[in-house]
Undergrad: 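Before I ask anything, here is the structure I am working with.
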Amino acid sequence: MSDIDKLRKIKTDCVQTLLGLYKRANAGHIGASLSCLDILVCLFFDRMKAEDKFILSKGHAAVALYTVLAKSGRIPESALESFYKDGTLLGAHPPCSRMLEGVTFGTGSLGHGLSLAAGIALSNRFSGIKFNVYCVLSDGDCNEGSTWEAALFAAHQKISNLIVIIDNNGLQGFGRSKDVLGLEPFAKKWESFNFEVVEASNGNDFNSLLDAFEKVENCDNGKPKCIIAKTVKGSGVSFMEDKMEWHYLPMSDDQYQKAVCESGDQNA
Amino acid sequence: MRKEFSASIEKIASAEPKVIFLTGDLGFMALENVQAAMGTRFINAGVSEQNLVSLAAGLASQGYTVLCYSIAPFAVFRPAEQIRIDVCLHNMNVKIIGNGGGYGYGIMGATHHAIEDIAVLSSFQNMKCYIPFCNEDVNEIVNVMMQRKGPSYLRMGFGIKPEGLALPAYSGVRKLKSGKKITIAGMGPVILNVFKAMEMDMDADIADIFVVSEMPLAEELPEDLLNSVERTGKLLVVEEHVSRGGLGENLSRLLLEKSAGCKLVHRFARGYPNGLYGSQAYHQKMCELDPAAICKIIKELSNE
């Protein structure tokens, strides 16, 4: 089995787990998790080394994170059973308690992740410990002024071990990004902030993502890196794809069966 | 207090290699020695307080103690959510340093004042606010703050210790002076206006004077304060902070829970009642926090 096939198999398993979690909890944010799941699988099962760090700035995609944490053995699979239940560490957003392995910072309010990641990444300047910090942002994250404060800082300080991946699905809380608060020319913005920028034309495809990671990680010009991954909200489930409402809605029984069926077939 | 603060941090910087100092582009004529002492561990992050605080939390998560410096309003209010979530909820070892608490920046105006800072920050999980009352108080408080693991806020101002006043051993609530008829509790340098009031045609032993240097107050009030309130039955609270969420409210609750009833007079920052600006002394006068107004209320209370 090729590396890509292995990633596809892992992703398929993760989607099934993810859908089950959302269904049992009758919870929303499914579209956001499916949008970035390929990125997270790519990171946790291919790119990240043991010493590397990860920040999910778009905390509403917590289930994608919980799923890959469990699948990669960072947390026990059994921990997932508590998702959304009273007394859980696995709420709708990653916890701030520092009690969940693999979650350095709880998130959920947009615009924090890039600064946190920059701070963690900067620490190696004092400690001498080498590692990369990967930070996944949403379109909405890039509405926040604090994200651009962090971008200015990271570039100014030449924090080259910082790798930002933007889950650019073009949809945000109450509309399309282009209609709410246009981000284009998006790549040029990050370039002008002095980031090394690579665009992944299909952020829900491992070939496209791995190619983008290869390009930025082989770049040794001292700049922080940014991958703008063109993704689809609700990727892999036809009736959710590119639909804003799947930021919020839980699935009916029929929808769940259809989603499980489609996502299983897609990557078989 | 900036001089005393920077001298303290300069010493700590040499002894503690895991301390990092971040400034939001402020510190002219105050932090040059800290910058020199810390070298690359001193970072001017620019005028971007939200990034500054989350950045500090990120560094702290890797085992560093991180100080974030600005003037009090900029240090607290712009990055309030970053302090709440990234620092306080995660219990990170980040120290927010705010210069010019209260009306400290006087004629600079309302944008530069911080009269709601303690209310905001003391309501956050794990946060401890430290409020020196005079310049001589700073070094010990900085050391106490730096030794405590977790989120802290240092609210600095300016205050010269009254001649002859010996600083008692440090604690969050300290008795500065003994008296008979009323109990006075104050927070920050405005307590010095009480000492000035005492010099105005008044019995020297009229009041027990306590200074509060940590907020929120510990749930168990010190015995000497409780005893004083029970004995005098009259409590005057002075603070250069709004009434909501400040010392007066905090202390009142704790006294009520102890059934320590007393007459309470609360003098606090009233904002900008006439919409006009002036020096710190001007704003204190508008709030009846100046020595003359405090003298008047002490006399009234003691004669009741």
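We name chains A, B, ... by the order of the sequence lines, and we start the count at 1 in each one.
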Undergrad: Given a strict heavy-atom distance threshold of 4.5 Å, which part of Leu22(B) is in contact with chain A: side chain, backbone, both, or neither?
TA: neither
Undergrad: Heavy-atom pairs under 4.5 Å with chain B: which of Ser115(A), Ala117(A), Ser146(A) has the most?
TA: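 Looking at each option in turn, the highest pair count goes to Ser115(A).
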Undergrad: Salt-bridged, Glu257(B) to Arg253(B), with N to O below 4.0 Å?
TA: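 Between Arg253(B) and Glu257(B) there is a salt bridge, with a charged N closer than 4.0 Å to a carboxylate O.
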Undergrad: May I ask you to name which of Leu59(B), Val47(B), Ile85(B) has the most heavy-atom pairs under 4.5 Å with chain A?
TA: Leu59(B)
Undergrad: For Met38(B), which of Leu67(B), Val19(B), Ile43(B) qualifies under side-chain contact (heavy atoms from CB on, under 4.5 Å)?
TA: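 Between Met38(B) and the candidates, side-chain contact (heavy atoms from CB on, under 4.5 Å) is satisfied uniquely by Val19(B).
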Undergrad: Is it true that Arg47(A) and Glu217(A) have a side-chain N and a carboxylate O under 4.0 angstrom from each other?
TA: yes
Undergrad: Let me know if Ser127(A) has heavy atoms under 4.5 Å from chain B in its side chain, its backbone, both or neither.
TA: both
Undergrad: Is it the side chain or the backbone of Glu49(B) that comes within 4.5 Å of chain A heavy atoms, both, or neither?
TA: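 Only the backbone of Glu49(B) comes within 4.5 Å of chain A.
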Undergrad: Which side-chain N or O atoms in residues 184-191 of chain A pair as donor and acceptor under 3.5 Å with protein atoms at least two apart or in another chain?
TA:
| from | atom 1 | to | atom 2 | distance (Å) |
| --- | --- | --- | --- | --- |
| Glu184(A) | OE1 | Phe186(A) | N | 2.9 |
| Lys189(A) | NZ | Leu183(A) | O | 2.9 |
| Lys189(A) | NZ | Glu184(A) | O | 3.1 |

Undergrad: Drop me the distance from Asp167(A)'s CG to Cys142(A)'s SG, to the nearest 0.5 angstrom.
TA: 10.0 Å
Undergrad: With chain A as the partner, which of Val66(B), Val53(B), Leu89(B) has the greatest number of non-hydrogen pairs under 4.5 Å?
TA: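 The candidate making the most pairs under 4.5 Å is Leu89(B).
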Undergrad: For Arg148(B), does its backbone N or O pair with a side-chain atom of Ser152(B) as donor and acceptor, under 3.5 Å?
TA: no
Undergrad: With only heavy atoms counted, which part of Gln62(B) is less than 4.5 Å from chain A, the side chain, the backbone, both or neither?
TA: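 The answer is the side chain of Gln62(B).
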